[in-house]
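Counting convention: from 1, in listed order, for ligands and their atoms alike. The model shown is predicted, which means the values in this text are computed figures rather than measured ones.
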Amino acid sequence: MATYDLAIRGGTVVTAADVTRCDIGIKDGLVAVLAGAVTDADTVVDASGLLVMPGGIDSHVHLAQKAYGAQMADGFETGSRSAVAGGNTTIIPFAIQPKGASLRESVKAYHKEADGQCLVDYGFHLIVTDPSPTVLGQELPALVADGYSSFKVFMTYDDMVLNDRELLEVFDCARREKALVMVHCEGYDAIRFMTERLEAAGKTAPYYHAVSRPQIVEREAAHRAISHSELIDVPIMIVHVSGREAMEQIRWAQQRGLKVYGETCTQYISLTADDLKGLNMDESGGKYVCSPPPRTRADWDAIWEGIQTGVFQTFSSDHCPYFYEGDVGKLNPKARTSFKWVPNGIPGVEVRMPILFSEGVAKGRITLEQFVALTSTNHAKMYGLYPRKGSLAIGADADIVLWDPNRKVTISQALMHHGSDYTPWEGFEVTGWPVGTFLRGKHVYDDGKILGGPTDGQFLPRGLSPYAKPRGTGPAYEG
Ligand code: URP
Ligand code: ZN
Ligand code: ZN
C-alpha cells in the first residue's frame, strides 16, 4: 500500500503566505506532506504548469431562498455544482428567520434543503429579522454554540429591516456570544423616499433601482452601523461594499482602531449602473438588479484601492440567483410594473474566482498570495473555519483547486453550471480558470466535468471567529 492516497505533483503551490514549487501528499482527506518530491501515492495528478491553491471559500451565497414571490434559481445541488466548477470547496449560505418565526426552526428548514444535496462543504450564517427576547436570550446563544457563529442583519428591505434599537440589541447579543455580525448597509427610509419619488415621476424601469439606492444611502447606513458597533464594542463585517463612499467609511473606522471589517464582491469591480439601463422591462437591465447596485468605473478604482490596502478582508460573490425569463423570474408580472419588485440579486459563485484572478492577478493589481487570502484564507479565518479550511498546512482538509493561470475564457451561460437562465457576465473575457477541484482529497471537478455528487458536501459547524473578539472598550460597557 502506498504511503499517500493522492499526490499532486509538479505544481506551483500558492497560499496566503507563500508561493513554492513542491508536491503535496494527501492521506485520509487531509494534507499530509508538502515536499520536493512525493512519489509514493496510489494516485498521482500532474499539476505542472498549474497553480495549486486552497479551494475557494465563498462566505456569501444565497441558495433556496424565497423573496418577492420569486423562486430562487438555485437550490443546494445546482448552486454547489456551480460553486465547485468555479474552484470552490466551501460555501456559507444563509438560514433566514421569517419575521415572527423561530430561528431554530428556520435553521432546520435550511438543513432540509441542504443536507445530502451539496457538492461542497457548507455552513450557515443566520439572518435575524425578528430579534425577540426568545431569539436574543435563548435561540441565538444555543445556535452559536452549535456552530452557527455569525449572523446577518439588514438595514433595508420591508421583510427584513431592523430599526436602530433592534440593531443595537442584536449587536449586544453578538458581543455576549462572541459571534460575528454581518451588516447589509443601505438606509431603508431614504430608499423608500427615493423609490416613491421615482415611481411618481413614472421612472419605473430597472435602471431606477440604482437611482433609488445611491451611494449616499449606503454611506449613511455604514456610518450608522459603525457608530453602533463602536457604542456596543462589537466587531462587525460590512458586506457587499459597492463603491468609494462606504469603503471610505470602513477605512475611517479601521483608522480609529475599530474592529470593522469589509467585504466586496465581483460585481463591484466588473459591472456598472449603466448595465441596468434599458428603456423598458423587456430589455436586459433587470439582469443586473442587485443591492447595493453596481456603481461606476471610478468606483471600481476605489474598490481596488480598498482591496490593495487591506480595507477589505474578503471577496465574495453574493450569489443570489434568479431566473430572468418566466413568471417566477426577474421579469415576473409584478416586477414589470416597477423596479421595486424586481428580485434583487445575481448569480456569480462560478465566476468570482476567475474574475478576481483575471482583473486582479493577471492585470498586476494583486499578488497570488493576496488572491488566496481574499478568496479562501480570510473567509476561513473570519468565520471560524481556520485552519481546517483555507490553508494547505499539514493536517488541513485537502481542499484544493488546480488553476491554469494562462487559460483564456469568454464567460457565457453555456459554460455555467448554475440554475439561472443567464449570466450577467456574458461575453466577459478572463485569463485564468479552475481546471480541477479536490474536496477533502476527492477529485470532484475536472475541467468542465462535475465528478462529485450531492452527498460529498459536509455540514461544517463553525467555531467562534477570533475577529469577533471585542476590543474591550466602548461607551456601553465602560464603568
Ligand atoms: O441583491 C442582493 N444582493 N440580494 C441578496 C440579498 C443580500 O442583500 O445580500
Ligand atoms: Zn445584503
Ligand atoms: Zn447577499
Between the side chains of [X] and [Y], does any donor sit under 3.5 Å from an acceptor?
| X | Y | result |
| --- | --- | --- |
| Asp58 | Ser317 | yes |
| Tyr322 | Asn332 | no |
| His111 | Glu113 | no |

>> If the threshold is 4.0 Å, N to carboxylate O, is there a salt bridge linking Arg440 and Asp399?
In response: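 Answer for the salt bridge query: no.
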> Charged N to carboxylate O below 4.0 Å: is that the case for Glu305 and Arg365?
Replying inline: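 Judged by the 4.0 Å cut-off on N to carboxylate O distance, Glu305 and Arg365 do not form a salt bridge.
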> Between Cys320 and ligand 1, which part of the residue brings a heavy atom under 4.0 Å of the ligand: side chain, backbone, both or neither?
Replying inline: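 The answer is the side chain.
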> Considering only heavy atoms, does His209 approach ligand 1 within less than 4.0 Å through its side chain, its backbone, both, or neither?
Replying inline: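 Neither; nothing of His209 gets under 4.0 Å from ligand 1.
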Distance under 4.0 Å to a non-hydrogen atom of [X]: what atoms of ligand 1 satisfy this?
| X | answer |
| --- | --- |
| His184 | 7 (C), 8 (O) |
| Asn344 | 1 (O), 2 (C), 4 (N) |
| Asp318 | 2 (C), 3 (N), 5 (C), 9 (O) |
| His60 | 9 (O) |
| Lys152 | 7 (C), 8 (O), 9 (O) |
| Cys290 | 1 (O) |

> What protein heavy atom is closest to atom 1 (O) of ligand 1, reported as residue, atom name and distance in Å?
Replying inline: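 Result for atom 1 (O) of ligand 1: Ser291 N, 2.7 Å.
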> Quick one: side chain to side chain donor-acceptor pair (under 3.5 Å) partners of Ser150, sequence neighbours excluded?
Replying inline: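 Once residues adjacent in sequence are excluded, the partners of Ser150 under the side chain to side chain donor-acceptor pair (under 3.5 Å) criterion are His125, Arg462.
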> Taking only residues two or more places apart in sequence, or in another chain, which ones meet Gln254 in a side chain to side chain donor-acceptor pair (under 3.5 Å)?
Replying inline: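 Gln254: no side chain to side chain donor-acceptor pair (under 3.5 Å) contacts found.
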>> With 2.8 Å as the threshold, which protein atoms of type N, O or S lie near the Zn ion (ligand 3)? Leave waters out.
In response: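 Listed by chain and number, the nearby protein N, O or S atoms are His60 NE2, His62 NE2, Asp318 OD1.
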> What pairs meet the side chain to side chain donor-acceptor pair (under 3.5 Å) rule with one or both residues in residues 419-429, with sequence neighbours excluded?
Replying inline: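 Of all non-adjacent pairs touching residues 419-429, those that pass side chain to side chain donor-acceptor pair (under 3.5 Å) are Ser270-Trp425.
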> Do you know which of Arg213, Arg295, Arg224, Arg244 makes salt bridge (charged side-chain N to carboxylate O under 4.0 Å, His left out) with Glu218?
Replying inline: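 That would be Arg295; it is the only one of Arg213, Arg295, Arg224, Arg244 passing the salt bridge (charged side-chain N to carboxylate O under 4.0 Å, His left out) with Glu218.
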> What class does the angle between the rings of Phe171 and His228 fall in, given that below 30° is parallel, 30 to 60° is tilted and above 60° is perpendicular?
Replying inline: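 It falls in the perpendicular class, over 60°.
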